[in-house]
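Notes follow the structure.
Counting starts at 1 for both ligands and their atoms, in listed order.
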Amino acid sequence: MRLTPRLRLEPISPRHAHELWLLHQDDHIATWYGGTWSRQTAADAARTWGQGWSEDRAGKWLAYQQDTGELVGRGGLSYTDVAGARRLEIGWAIRRPFQGQGYATEIGRAGLALAFDHLDAPDVIAFTERHNQRSQAVMRRLGMHYTGQILRPGLVEGHHQIQPEAPFVLYTVQRPDPPNGHAAT
Ligand SMILES: CC(C)(COP(=O)(O)OP(=O)(O)OC[C@H]1O[C@@H](n2cnc3c(N)ncnc32)[C@H](O)[C@@H]1OP(=O)(O)O)[C@@H](O)C(=O)NCCC(=O)NCCS
């Protein structure tokens, strides 16, 4: 469990399958993840992300408002193959009533802190469909930079079905230099 200024972040494990399902009934989230999730899809994701925490020490959180306890969204880290390399990726999804309040960026900051302060990652990537401008705005707020385009299963602007080779933009942020300016040995 981790606290950010406004959120309580709980590492996702199989016991969160119901809340994950609930999150993916939100139309504004479902649009970007192949439609509303079934209970089975949510249970599979909860198990996979739970394994991420136990095997890689990197995983995704469910985010709750500290003051109300309401479920805000999810986000965090996972390892993903991109162009044949295993990369540490960060992502986020926020329920519609909580969008536009800086929560995705708050989760993103917690994810980058985990990556750089605890996992000693050299860099972190994020990617999203070329027309997902709101997600790219989060990447830029986190200090990430555009580093190219990749093709993955996803949405093509103007189509509602997942396409096998949709254009995604790739953003990257490097581990910051240590404050004293010397590389760690
Ligand atoms: C992508 C997504 C997570 C972005 O969420 P978001 O709420 O726009 O992003 P943030 O949490 O960073 O919020 C930023 C906005 O909150 C505003 N804000 C309000 N209070 C704030 C605060 N205290 N701190 C920071 N920002 C604040 C910012 O000004 C900004 O407003 P703007 O969008 O009008 O410029 C969201 O649109 C979403 O869940 N989409 C569906 C799922 C999805 O696409 N996921 C990504 C797949 S790759």
(message) At less than 4.0 angstrom from any atom of ligand 1, which residues have a non-hydrogen atom? List them by chain and residue number.
(response) Arg6, His28, Trp32, Tyr33, Trp92, Ala93, Ile94, Gln99, Gly100, Gln101, Gly102, Tyr103, Ala104, Thr105, Phe127, Thr128, Asn132, Arg134, Ser135, Val138, Arg141
(request) Verify whether one side chain among Gln136 and Asn132 offers a donor that lies under 3.5 Å from an acceptor in the other. (result) no
(request) Check whether more than 12 heavy atoms from other residues, nucleotides or ligands sit under 6.0 Å from atom NE2 of His118, and answer yes or no. (result) yes
(message) A cation-pi test, strictly: NZ or CZ of Arg8 under 6.0 Å from the centre of the six-membered ring of Tyr64 and no more than 45 degrees from its axis. Yes or no?
(response) yes
(message) When you measure from the centre of the six-membered ring of Phe98, is the NZ or CZ of Arg6 closer than 6.0 Å and no more than 45° off the axis?
(response) no
(message) For residues 49-59, which residue pairs pass the side chain to side chain donor-acceptor pair (under 3.5 Å) check, not counting sequence neighbours?
(response) Asp56-Arg86
(request) Report yes if the distance between the aromatic ring centroids of His16 and Trp61 is under 6.0 Å, otherwise no. (result) no
